Amino acid sequence: MRGAAEREHFTVRDSNGKLSDPNEAVFPIFSAGIDGRLHFLATGFFITRLGWFVTAKHVVDDVLNEKGEAVDGMCIVQFREGHIIHVRPVIGFTCHDVADVAVGVCAPMSHKVTGEPLFNKVLTLSSKRLQLGWPVWTYAYPGTTVVHSSQQNIQINPNFYAGSVAEYYENGRDSSMLPAPCYRTTITLHAASSGGPVFGPGSAVVGVNSSSFNGAEDVSFISRIVDTFTLGVPDVMLPGEDKTRRVTIQELIKNNHVAVKK
């Protein structure tokens with residue numbers, strides 16, 4: 001697709017700093033109607049080994065009604081080493097009040113025989129403020145399609161898209177779509193790249209794909225990953241606990257469940 005970068009020039013590292021296949025931590029997000037059919041929405045990426053992920057706020061807003069209730073179910077299609085595919089329902093999410101970022105939680109996975117929990121790969125986040133001219137790149141799933149016939153055939157088209165930081169809007173780009181601090185970059189974004197991770201120094205995630213101008217090349221806008229840190233997801237039960245409660249990303253960072261570089 002237009003603006004796609006050569007894959008060999010870009011890397012993704014997991015929370016241990018090891019080179020990682022981006023498909024194991026970055027994934028397509030779908031809505032599922034009452035007919036059971038999947039409809040491709042956007043891109044997301046894991047931040048914890050048990051299925052917490054980040055995407056764009058407007059992606060979640062697209063499946064909510066006026067009461068804030070999910071009209072359609074959400075799920076992600078996760079790819080694991082060995083060409084293993086999992087469809088994981090989204091069981092909870094929360095959106096930032098202002099910034100175009102959201103955090104979701106997937107249903108847990110377990111081994112079919114032993115019942116032991118199965119973990120997913122995660123990305124390392126960065127709290128750095130980007131400087132003008134710094135190189136940035138994203139990995140996303142634009143062009144993904146679902147062919148509905150006797151079976152649903154998902155055709156994916158992930159790739160890297162690269163650019164640099166062109167401008168910083170400390171007070172937001174505008175009062176409606178992107179009122180929170182955000183960046184303009186020269187990455188070319190296509191439809192459904194929203195929610196994908198934007199990487200910066202050290203291959204850590206510095207932002208989240210938010211929007212671009214229709215038909216424009218080399219113009220896109222990304223929200224800051226640090227704006228997810230204050231978010232909390234309600235009705236979550238952490239390993240070792242016996243009841244659900246609201247858990248914040250900041251708490252997960254403090255307890256080393258989310259990897260952050262300063």
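Owing to the predicted nature of the structure, the values given are computational and were not obtained by experimental measurement.
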**Q** Please step through side-chain contact (heavy atoms from CB on, under 4.5 Å) for the pair Val198 and Thr185, ending with a clear verdict.
**A** CA-CA 10 Å; Val198 179; Thr185 81; 5.7 Å; no
**Q** Are the side chains of Trp52 and Val247 in touch, meaning some heavy atoms are under 4.5 Å apart?
**A** yes
**Q** Would Leu132 and Val136 show up in the same hydrophobic cluster when neighbours are defined by side-chain heavy atoms closer than 4.5 Å?
**A** yes
**Q** Is there side-chain contact between Ile225 and Val208, with at least one heavy-atom pair below 4.5 Å?
**A** yes
**Q** Please report the shortest heavy-atom distance between Gly200 and Trp137, naming the atom on each side.
**A** O-CH2, 3.4 Å
**Q** Do Leu50 and Phe79 land in one hydrophobic cluster if side-chain heavy atoms of ILVMFWY residues count as linked below 4.5 Å?
**A** no
**Q** Nearest 0.5 Å, please: how far is CH2 in Trp134 from OH in Tyr183?
**A** 8.5 Å
**Q** Do Glu170 and Tyr168 get their side chains close enough for a donor-acceptor pair, meaning under 3.5 Å?
**A** no
**Q** At their closest point, which heavy atom of Val87 faces which heavy atom of Cys75, and how far apart are they?
**A** CG1-SG, 4.0 Å
**Q** With sequence neighbours left out, what residues match Gln131 under side chain to side chain donor-acceptor pair (under 3.5 Å)?
**A** none
**Q** Side chains of Asp100 and Cys182: closer than 4.5 Å at any heavy-atom pair?
**A** no
**Q** Which pair of heavy atoms, one from Val60 and one from Ala102, lies closest together, and at what distance?
**A** CG2-CB, 3.9 Å
**Q** I'd like to know if the side chain of Asn120 reaches the main chain of Thr48, judged simply by a donor and an acceptor atom lying under 3.5 Å from each other, with no hydrogens or angles considered.
**A** yes
**Q** Test side-chain contact (heavy atoms from CB on, under 4.5 Å) on Val103 and Phe93; report intermediate values, then the result.
**A** CA-CA 5 Å; Val103 172; Phe93 52 79; over 6 Å; no
**Q** Say whether Met109 and Val90 are linked into one hydrophobic cluster, either directly or through other cluster members, by side-chain heavy-atom distances under 4.5 angstrom.
**A** no
**Q** Distance-only, no hydrogens or angles: does the Thr188 side chain make a donor-acceptor pair with backbone N or O of Asp218 under 3.5 Å?
**A** yes
**Q** Drop me the distance from Phe30's CZ to His39's NE2, to the nearest 0.5 angstrom.
**A** 11.0 Å
**Q** List the steps, then state whether side-chain contact (heavy atoms from CB on, under 4.5 Å) holds for Ser211 with Arg173.
**A** CA-CA 11 Å; Ser211 68; Arg173 189 196 70 183; 3.5 Å; yes
**Q** Using a 4.5 Å cut-off on heavy atoms from C-beta on, say whether the side chain of Arg184 contacts that of Tyr169.
**A** yes
**Q** Which residue is it: Thr124, Val205, Val206? I am looking for the one with a side-chain contact (heavy atoms from CB on, under 4.5 Å) to Lys261.
**A** Thr124
**Q** Among the clusters formed by ILVMFWY side chains lying less than 4.5 Å apart, do Val77 and Leu118 turn up in the same one?
**A** no
**Q** Out of curiosity, Lys243 NZ to Asp235 CG, how far, rounded to the nearest 0.5 Å?
**A** 12.5 Å
**Q** Which pair of non-hydrogen atoms, one from Ala25 and one from Leu123, has the smallest distance, and what is that distance?
**A** CB-CD2, 3.7 Å
**Q** Is a donor on one side and an acceptor on the other found under 3.5 Å between the side chain of Thr144 and the backbone of Tyr141?
**A** yes
**Q** Check whether any side-chain heavy atom of Thr94 lies under 4.5 Å from a side-chain heavy atom of Arg246, and answer yes or no.
**A** no
**Q** Consider side-chain contact (heavy atoms from CB on, under 4.5 Å). Of Lys121, Glu24, His86, which one does Arg80 pass it with?
**A** His86
**Q** Pick out which of Phe40, Phe53, Tyr139 makes a ring pair (Phe, Tyr, Trp, His ring centres under 6.0 Å) with Phe27.
**A** Phe53
**Q** Output the distance between atom CG (Leu189) and atom OG (Ser194), rounded to the nearest 0.5 Å.
**A** 7.5 Å
**Q** Measure from the side-chain N and O atoms of Thr138 to the backbone N and O of Ala140, and report whether any donor-acceptor pair falls under 3.5 Å.
**A** no
**Q** I need the Lys57 NZ to Thr228 OG1 distance, nearest 0.5 Å.
**A** 14.0 Å
**Q** In Å, rounded to the nearest 0.5 Å, how long is the span from CZ of Arg88 to CD1 of Ile29?
**A** 12.5 Å
**Q** Can you run down the side chain to side chain donor-acceptor pair (under 3.5 Å) pairs that involve residues 154-163, sequence neighbours left out, and say none if there aren't any?
**A** Thr145-Gln155
**Q** Any side-chain heavy atom of Leu231 sitting closer than 4.5 Å to one from Val233?
**A** no
**Q** Testing Leu125, Thr230, Ile47 for side-chain contact (heavy atoms from CB on, under 4.5 Å) with Ile249, which one passes?
**A** Ile47
**Q** For residues Phe229 and Val101, determine if any side-chain heavy atom of one lies less than 4.5 Å from a side-chain heavy atom of the other.
**A** no
**Q** Side chains of Cys95 and Asp61, heavy atoms from C-beta outward: is any pair under 4.5 Å?
**A** yes
**Q** Among all residues two or more places apart in sequence or in another chain, which pass the side chain to side chain contact (heavy atoms under 4.5 Å, CB included) test with His257?
**A** Leu252, Asn255
**Q** Run the side-chain hydrogen bond (donor to acceptor under 3.5 Å, both in side chains) test on Asn209 and Ser193 for me, step by step, so that the C-alpha distance in whole Å, both residues' side-chain angles and the decisive distance to 0.1 Å come before the verdict.
**A** CA-CA 7 Å; Asn209 291 331; Ser193 295; 5.1 Å; no
**Q** Can you name the nearest heavy-atom pair linking Val226 to Ser127, along with the distance?
**A** CG1-CA, 3.5 Å
**Q** Kindly work out whether a path of hydrophobic side-chain contacts (I/L/V/M/F/W/Y, heavy atoms less than 4.5 Å apart) joins Val258 to Phe199.
**A** yes
**Q** For the side chain of Ser220 and the backbone of Ser212, is there at least one donor-acceptor N/O pair under 3.5 Å apart?
**A** no
**Q** Please check if the side chain of Ser223 supplies one atom and the backbone of Ser210 the other of a donor-acceptor pair under 3.5 Å.
**A** no
**Q** Looking only at non-hydrogen atoms, find the nearest pair between Ile76 and Cys106 and report the distance.
**A** CG1-SG, 3.6 Å
